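To start, the structure itself, in structure tokens.
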Amino acid sequence: MSLLVEKRILLGVTGGIAAYKSCELTRLLILAGASVRVVMTRAATAFVAPLSFQALSGNPVHLDLLDSEEESAMGHIRLARWADLILIAPATADFMAKLRAGLADELLGAVCLAAEVPIALAPAMNHAMWSNPATQDNAACLVARGMSLLGPAEGGQACGESGYGRMLEPADICRAVEKFFSRSQLSGISVLISAGPTREPIDPVRYLTNRSSGKMGYCLAQAAIAAGAKVTVVSGPVALPPPYDAAVVRVESAADMFDAVMSLAPHQDIYIGTAAVADYTPVAVAEEKIKKSKESLAIQLTRTRDILAAVASLPNKPYTVGFAAETDHVEAYAKAKLEGKGLDMIAANRVGQPEGGFDSPDNALWVAWNGGETVLPLASKQTIAIQLIELISENYRAKHSTKNSG
Ligand code: CTP
């Protein structure tokens with residue numbers, strides 16, 4: 001039986017050419033057993049007639065904030081309360097900006113503002129509009145508030161150009177919505193995530209650090225929360241808003257991070273080590289600022305403790321996921337870390353390239369676990385995070401069902 005049976009989906013259609021695909025999406029959602037009510041923005045009606053959605057959904061289409069007609073006069077609050085999920089497909093750049101700003105000048109904006117249920121967006125726009133920092137910033141902010149992004153996909157676009165920005169195909173959106181309802185997969189599961197860089201003090205004003213922005217870890221935290229998990233983030237210094245609904249423990253040095261993670265890890269179901277922990281730290285921290293005197297200065301460094309390996313060797317270890325940043329032989333080095341550190345899963349990315357990885361909004365991962373491997377192709381870190389959390393939860397469940405049946 002489909003997970004969509006008896007689910008109430010409020011489909012928001014905004015004004016993009018991909019709106020025509022939402023007719024098929026409506027049909028597929030209905031076929032899967034969902035009840036669908038459609039809210040269209042004014043711009044959307046320039047692409048598809050409301051009557052099409054009315055015929056396909058079997059319900060009147062909601063258009064105006066101040067509609068007085070009896071049948072479609074289900075006000076924005078009632079519409080927001082009716083839904084189990086608000087799905088906005090296509091979600092234009094303009095609508096995402098309005099959603100971020102909390103504008104309620106049209107019915108759909110008002111419904112979203114009044115919503116207490118999850119909101120998922122299937123962005124659709126020109127690739128340059130999608131990669132524009134304004135849109136990326138809006139997308140990151142909406143995800144940080146707990147909304148889910150489905151796509152966008154890469155490929156040819158209506159304007160004749162090509163790149164990321166295509167709306168996912170209706171069947172893929174339908175599958176993603178089904179997964180969305182199965183996401184309670186992680187409900188009741190505790191997830192600990194380390195994120196960001198560490199700072200290794202040299203003297204009271206100087207430290208050694210790296211380029212990690214913490215974004216991958218924060219996106220994973222948001223995706224795990226959306227999947228129903230109880231999330232704690234142990235975070236090095238980053239310039240990101242805290243993930244909505246997660247507990248955040250702030251640390252600076254690798255030693256602080258080790259202590260924080262090791263005090264929490266024994267009580268967790270899953271540990272994901274995304275932090276770029278310094279491998280070396282100064283042997284001694286000068287108590288006073290080091291003055292320049294000699295022509296050269298040597299700072300002696302010593303190895304830090306490997307947090308990930310320590311978590312993986314706990315007697316009652318959580319399901320442990322490591323990250324590997326490699327410049328070459330990505331798969332071989334990552335596999336060696338998976339086995340060498342006794343991990344359950346490793347997510348590896350190639351660094352030192354113009355696209356993806358450290359300090360970049362995008363990432364691509366090669367993921368391996370005992371008995372399987374897959375590639376998550378270059379996409380925004382939000383999208384990669386959602387996919388990786390799905391993979392982790394599937395494998396976590398598989399491991400536990402074998403444990404329980406064995
Ligand atoms: N890690 C950790 N503690 C450290 C160093 C790394 O927990 N002191 C974790 C990172 O959070 C990441 C994984 O180890 O999940 C891989 O880190 P990486 O630096 O790529 O690998 P290393 O094992 O340190 O090996 P190398 O630097 O030689 O590639």
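Counting starts at 1 for both ligands and their atoms, in listed order. Everything quoted here is computed from the prediction, not taken from an experiment.
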ask   = Which is closest to atom 10 (C) of ligand 1 by heavy-atom distance: Ala275, Gly322, Ala325?
value =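 Among Ala275, Gly322, Ala325, the closest heavy atom to atom 10 (C) of ligand 1 belongs to Ala275.
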key: Among Val321, Val311, Ile272, Ile307, closest by any non-hydrogen atom to atom 3 (N) of ligand 1   = Ile307
remark   = For atom 7 (O) of ligand 1, the closest protein heavy atom turns out to be Leu308 N, 2.8 Å
request  = Return each pair, listed once, that meets salt bridge (charged side-chain N to carboxylate O under 4.0 Å, His left out) where at least one residue sits in residues 18-29; pairs must be two or more places apart or across chains.
outcome  = Lys21-Glu169, Glu24-Arg27
ask   = Got more than 12 heavy atoms from elsewhere within 6.0 Å of CG, Asp137?
value = yes
Contact check, Met257 vs ligand 1, heavy-atom distance below 4.0 Å =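 In this structure, Met257 fails to qualify as a contact of ligand 1 - no heavy atom is under 4.0 Å.
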request  = Determine, using heavy atoms of Lys341 and all atoms of ligand 1, whether some pair is separated by less than 4.0 Å.
outcome  = yes
key: Option from Leu10, Val111, Ile77 for which side chain to side chain contact (heavy atoms under 4.5 Å, CB included) with Trp82 holds   =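 The option that passes is Leu10.
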[X] side chain to [Y] side chain, donor-acceptor N/O pair below 3.5 angstrom:
{"X": "Glu161", "Y": "His127", "result": "yes"}
{"X": "Ser194", "Y": "Tyr271", "result": "yes"}
{"X": "Ser235", "Y": "Tyr218", "result": "yes"}
{"X": "Thr302", "Y": "Gln300", "result": "no"}
{"X": "Asp362", "Y": "Ser380", "result": "no"}
{"X": "Asn132", "Y": "Thr135", "result": "no"}

task = May I ask you to list the atoms of ligand 1 that are less than 4.0 angstrom from any heavy atom of Gly273?
result =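 Here the atoms of ligand 1 in question are 11 (O), 12 (C), 15 (O).
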query = Going by the order shown, which atoms of ligand 1 are within less than 4.0 Å of some heavy atom of Ala324?
reply = 20 (O)
query = Protein heavy atom under 4.0 angstrom of atom 28 (O) of ligand 1, is there one?
reply =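 So atom 28 (O) of ligand 1 lacks protein heavy-atom neighbours under 4.0 Å.
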request  = Give the contacting part of Asp306 toward ligand 1: side chain, backbone, both or neither, where contact means a heavy-atom distance below 4.0 Å.
outcome  = both
request  = Of the side chain and backbone of Arg305, name the one, both, or neither that has a heavy atom under 4.0 Å from an atom of ligand 1.
outcome  =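 Backbone only.
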query = How would you list, by chain and number, every residue that makes a ring-ring contact (aromatic ring centres under 6.0 Å, His included) with Tyr207, sequence neighbours excluded?
reply =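 Listed in chain order: nothing, the list is empty.
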Output yes when the distance from some N or O of ligand 1 to some N or O of [X] is under 3.5 Å, and no in every other case.
{"X": "Phe323", "answer": "yes"}
{"X": "Lys337", "answer": "yes"}
{"X": "Asp279", "answer": "yes"}
{"X": "Thr274", "answer": "no"}
{"X": "Thr304", "answer": "yes"}

